2 protein chains.
Amino acid sequence: MNPTRRTYSIGELAREFDITTRTIRFYEDQGLLAPGRRGQTRVYSPADRVTLMLVLRGKRLGFSLAESRQLIEMYQPEGNEKQLQALLDKIRQRRQQLARQLEDIATMQRELDEAESRCVNAMQELETP
Amino acid sequence: MNPTRRTYSIGELAREFDITTRTIRFYEDQGLLAPGRRGQTRVYSPADRVTLMLVLRGKRLGFSLAESRQLIEMYQPEGNEKQLQALLDKIRQRRQQLARQLEDIATMQRELDEAESRCVNAMQELETP
DNA sequence: GGGTAAGTTTACGTTAACGTAAACGTTATG
DNA sequence: CATAACGTTTACGTTAACGTAAACTTACCC
């Protein structure tokens, strides 16, 4: 009957994702999260948890919180024609950026391979003088 | 006879990469660049230019300048056994991180596809009430 | 020789993303 | 009932990565 029965405390989420509760509250301050309340205490739904994961993934890719907020907005497309168009544009920009990051990663992986080779070589030259 | 004849001024590099000269000097301050000098004036070699590209690529992937500095150090492996081992460890860590970023990007690309679908749907529902 | 375009150093200012600490409520546990 | 273990708000502090501005030198142009 209740599709989202489980809830989370701020401490649980902090432990799960290895961040501080301060960070989670800060994200709420920035409008990235909007948990429920039981009295004073924050209560996080599974959806809130997913949102948090989204933000942290964005961080790993070098996104700012403002950019992550845009990503979150993409999950619930609303507004008039103009706003939806703007959203589509943002989606395409993100795709462009991700494509570029893929290139960058590929390049960097090759360079790491080379760096490892040089490193191993340098070690062998130390062993056999 | 001279393998690296060409040089660059700070302004040239700034224009090419669409950054400010302040940024380039800041990177030097942080030990990421070490250009030559002709009198007072900084003179950048092709190698300096490559280093700069490396830093900027790192930035696009969300690396800090400290991390980029480590990447640069990987280009000239030196030191004793212990230092080289440490370098190898760092290389492996970076590879791990890049692998994770690849996953993140793949996931995010799928989500962007879905977001675009929802967006297009929302627009069509506006057109046909 | 007066401008202007590029370079220089020095130094204070700013923004994002939290850290840290104080001061306080609420459960629950020995 | 005291003392952890968790939660809360409020507020000042910190770090990275530059921005901005002042005050100056050097080179070139007309």
Side-chain angles (χ1 to χ4, degrees), chain A residues 6-45 48-49 51-73 90 94 97 101 104, chain B residues 6-45 48-49 51-73 90 94 97 101 104:
Chain A
R6 188 158 172 23
T7 65
Y8 307 86
S9 76
I10 194 171
E12 282 174 329
L13 292 181
R15 253 166 286 147
E16 176 175 3
F17 297 113
D18 197 30
I19 56 183
T20 70
T21 61
R22 173 68 174 96
T23 297
I24 298 180
R25 292 196 194 95
F26 179 73
Y27 290 167
E28 181 177 350
D29 241 56
Q30 303 301 303
L32 299 172
L33 288 171
R37 298 262 176 161
R38 206 177 55 199
Q40 276 281 76
T41 306
R42 278 165 254 253
V43 178
Y44 296 87
S45 69
D48 290 325
R49 182 171 165 278
T51 301
L52 181 55
M53 291 176 64
L54 201 64
V55 173
L56 296 177
R57 190 206 298 148
K59 275 199 62 177
R60 289 196 298 272
L61 292 176
F63 287 35
S64 72
L65 295 187
E67 290 172 316
S68 286
R69 184 175 20 227
Q70 292 193 354
L71 287 180
I72 293 169
E73 289 167 6
K90 287 178 188 174
R94 287 293 147 224
Q97 180 185 344
Q101 285 187 310
D104 286 337
Chain B
R6 187 155 172 25
T7 65
Y8 307 86
S9 76
I10 193 171
E12 282 175 329
L13 291 182
R15 254 166 285 147
E16 177 174 3
F17 297 112
D18 196 30
I19 56 182
T20 69
T21 61
R22 173 69 174 96
T23 297
I24 298 180
R25 292 197 194 94
F26 178 73
Y27 290 166
E28 181 178 348
D29 242 55
Q30 303 302 303
L32 300 172
L33 289 171
R37 298 263 176 162
R38 207 177 55 202
Q40 275 283 76
T41 307
R42 277 165 254 254
V43 178
Y44 296 87
S45 70
D48 290 326
R49 181 172 165 277
T51 301
L52 181 54
M53 292 176 64
L54 201 64
V55 174
L56 297 178
R57 190 206 296 149
K59 274 200 63 178
R60 290 196 297 273
L61 292 177
F63 287 36
S64 72
L65 294 187
E67 290 172 316
S68 286
R69 184 175 20 227
Q70 291 193 354
L71 287 178
I72 293 169
E73 289 166 5
K90 287 178 188 173
R94 287 293 147 224
Q97 180 185 345
Q101 285 187 310
D104 285 337

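Please read these numbers as outputs of a predicted model, since none were measured by experiment. Here is the naming used below: chain letters follow the sequence lines, and residue numbers restart at 1 for every chain.
A 4.0 Å heavy-atom criterion places the boundary nucleotides of DNA chain D facing chain B at dA17(D) to dT20(D), written 5' to 3'.
Taking atom CG of Asp29(B) as the reference point, atom P of dT9(C) lies 9 Å away to the nearest angstrom.
Contact check for Lys59(A) versus Ser68(A): no side-chain heavy atoms found under the 4.5 Å cut-off. Between Tyr27(A) and Leu56(A), some side-chain heavy-atom pair lies under the 4.5 Å cut-off. When side chains are defined from C-beta on, Tyr44(B) does not count as touching Thr51(B), because their heavy atoms never get closer than 4.5 Å. Side-chain contact between Phe17(A) and Met53(A): present, with at least one pair of heavy atoms (C-beta onward) separated by less than 4.5 Å.
Residues Asp48(B) and Ser45(B) have side chains that bring a donor and an acceptor to within less than 3.5 angstrom of each other.
For dG7(C), neither phosphate oxygen OP1 nor OP2 lies less than 4.0 angstrom from any side-chain nitrogen or oxygen of Arg42(B).
Counting non-hydrogen atoms under 4.0 angstrom, Arg37(A) reaches the backbone sugars and phosphates but no base.
Where Glu12(B) and Arg22(B) meet DNA chain C, the nucleotide closest to each residue was compared, and Glu12(B) sits on the side nearer the 5' end.
Among all heavy-atom pairs drawn from Ile72(A) and Leu54(A), the shortest one is CG1-CD2, 3.8 Å.
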